[in-house]
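See structure below.
The chain is numbered in sequence order, starting from 1.
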Amino acid sequence: MTPYKIFILLFILCSSFFQRAVSQSAALQKGDSISILTKATKRFTQTGIKVIKGETYQITAVGKWQDAGFEPTDAAGFPSKNAAMRFAIYLKPMPKENYLKLVAKVGGRHEAIGTEAKIRFKNSGKLIPQPNDAVFFFGNNSGTLTVTIKRVE
């Protein structure tokens, strides 16, 4: 088995292991918004928002968070800084996106957010923002973003 296949298998197994169920989820009405804190040390942040396929949301994030000893960054994140990070890109939810870029998971599909994005979701499910970091490496992160989620359509 190639190293790439091992990383993919490990990522799938770890993603399933770390997911947590939300006891209640509710849909936002058009025009409604909420703000939540998303910590860099947490793999998932439960919002309690249930998205229906085809709904559009405006998501913005302000604040700084940090990966290990690297410079603090906003929700746009930063590119791989060294060989170890480039080697571990397939352990991130979105391998082609920056480390610590804010991403959102809905129904098993991830969307890149960064500091601001307007997204029409292609899946239904719970809206879960998270830092785009390698599995098992959240313990060396720090910082918090304030994420505002507004349903626009």
Side-chain angles (χ1 to χ4, degrees), residues 7 10-81 85 88-153:
F7 283 123
L10 182 61
F11 176 75
I12 292 168
L13 292 172
C14 292
S15 292
S16 298
F17 178 76
F18 286 109
Q19 290 181 9
R20 298 181 188 141
V22 174
S23 58
Q24 285 187 325
S25 292
L28 285 181
Q29 299 301 313
K30 189 174 177 181
D32 286 350
S33 66
I34 67 163
S35 292
I36 59 162
L37 296 178
T38 302
K39 294 182 178 182
T41 56
K42 291 184 73 176
R43 178 138 172 81
F44 299 107
T45 299
Q46 302 297 345
T47 64
I49 298 172
K50 170 104 170 92
V51 171
I52 305 299
K53 180 180 177 179
E55 290 178 343
T56 302
Y57 288 79
Q58 181 74 34
I59 303 173
T60 57
V62 295
K64 297 278 185 183
W65 51 14
Q66 185 174 5
D67 187 353
F70 299 108
E71 291 292 319
T73 183
D74 61 14
F78 61 90
S80 300
K81 300 281 187 182
M85 293 180 93
I89 63 170
Y90 294 104
L91 297 176
K92 300 187 306 182
M94 298 189 76
K96 292 182 180 179
E97 298 294 338
N98 282 344
Y99 273 90
L100 289 195
K101 183 171 191 169
L102 180 66
V103 300
K105 179 181 174 185
V106 172
R109 181 184 174 100
H110 287 89
E111 299 281 351
I113 305 296
T115 57
E116 184 174 359
K118 185 176 179 180
I119 298 173
R120 178 178 295 271
F121 286 100
K122 297 176 177 99
N123 287 14
S124 295
K126 297 170 184 148
L127 176 60
I128 303 171
Q130 64 186 109
N132 193 40
D133 200 4
V135 176
F136 302 124
F137 291 95
F138 288 86
N140 66 358
N141 295 345
S142 61
T144 304
L145 300 178
T146 301
V147 179
T148 301
I149 303 162
K150 180 178 181 179
R151 181 170 167 209
V152 293
E153 288 181 34

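To the nearest 0.5 Å, atom CD of residue Glu71 and atom CZ of residue Phe78 are 10.0 Å apart. Residue Phe136 holds its CZ atom at 8.0 Å from CG of Leu91, rounded to the nearest 0.5 Å. Between atom CD1 of residue Ile59 and atom OG1 of residue Thr47 there is a gap of 9.0 Å, rounded to the nearest 0.5 Å. Atom CD1 of Ile36 and atom CD1 of Ile49 lie 7.0 Å apart (nearest 0.5 Å). Between atom CD of residue Gln58 and atom CD1 of residue Ile149 there is a gap of 11.5 Å, rounded to the nearest 0.5 Å.
Put simply, the side chain of Lys101 does not reach to within 4.5 Å of the side chain of Thr73, judged on heavy atoms. Considering only heavy atoms from C-beta on, Ile113 stays 4.5 Å or farther from Pro129 through its side chain. The shortest side-chain heavy-atom distance between Ser124 and Lys50 falls under the 4.5 Å cut-off.
Sequence neighbours left out, the pairs with a member in residues 51-61 that pass salt bridge (charged side-chain N to carboxylate O under 4.0 Å, His left out) are Glu55-Arg151.
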Candidate pair Phe121 and Ile52, rule side-chain contact (heavy atoms from CB on, under 4.5 Å), full reasoning = CA-CA 8 Å; Phe121 286 100; Ile52 305 299; over 6 Å; no

query = Can Lys81 and Phe70 be said to form a side-chain contact (heavy atoms from CB on, under 4.5 Å), step by step?
reply = CA-CA 9 Å; Lys81 300 281 187 182; Phe70 299 108; 3.5 Å; yes

task = Let me see the working for Lys150 and Thr60 under side-chain contact (heavy atoms from CB on, under 4.5 Å), right down to the final yes or no.
result = CA-CA 9 Å; Lys150 180 178 181 179; Thr60 57; over 6 Å; no

request  = Output, in order, the C-alpha distance, side-chain angles, deciding distance and verdict of side-chain contact (heavy atoms from CB on, under 4.5 Å) for Ile128 and Thr45.
outcome  = CA-CA 6 Å; Ile128 303 171; Thr45 299; 5.6 Å; no

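Minimum heavy-atom separation, Thr144 to Trp65: N-CB, 4.2 Å. Taking all atoms of both residues into account, the shortest heavy-atom contact from Thr148 to Ser33 is CG2-CB, 4.5 Å. Pairing each heavy atom of Ala112 with each of Met94, the nearest pair is N-SD, 3.6 Å. In terms of heavy-atom proximity, Leu102 sits nearest to Ala61 at CD2-CB, 3.7 Å. Of all non-hydrogen atoms in Thr115 and Ala76, the two that sit nearest each other are CG2-N, 3.9 Å. Among all heavy-atom pairs drawn from Asp67 and Asn140, the shortest one is OD1-OD1, 3.3 Å.
Scanning for salt bridge (charged side-chain N to carboxylate O under 4.0 Å, His left out) contacts around Glu116 gives an empty result, with sequence neighbours left out.
Applying the side-chain hydrogen bond (donor to acceptor under 3.5 Å, both in side chains) test between Gln130 and each of His110, Lys105, Lys39 identifies His110 as the sole match. A side-chain contact (heavy atoms from CB on, under 4.5 Å) with Leu100 is found for one member of Asn141, Asp74, Asn132 and no other, namely Asn141.
The closest donor-acceptor contact from the side chain of Lys92 to the backbone of Glu97 lies under 3.5 Å.
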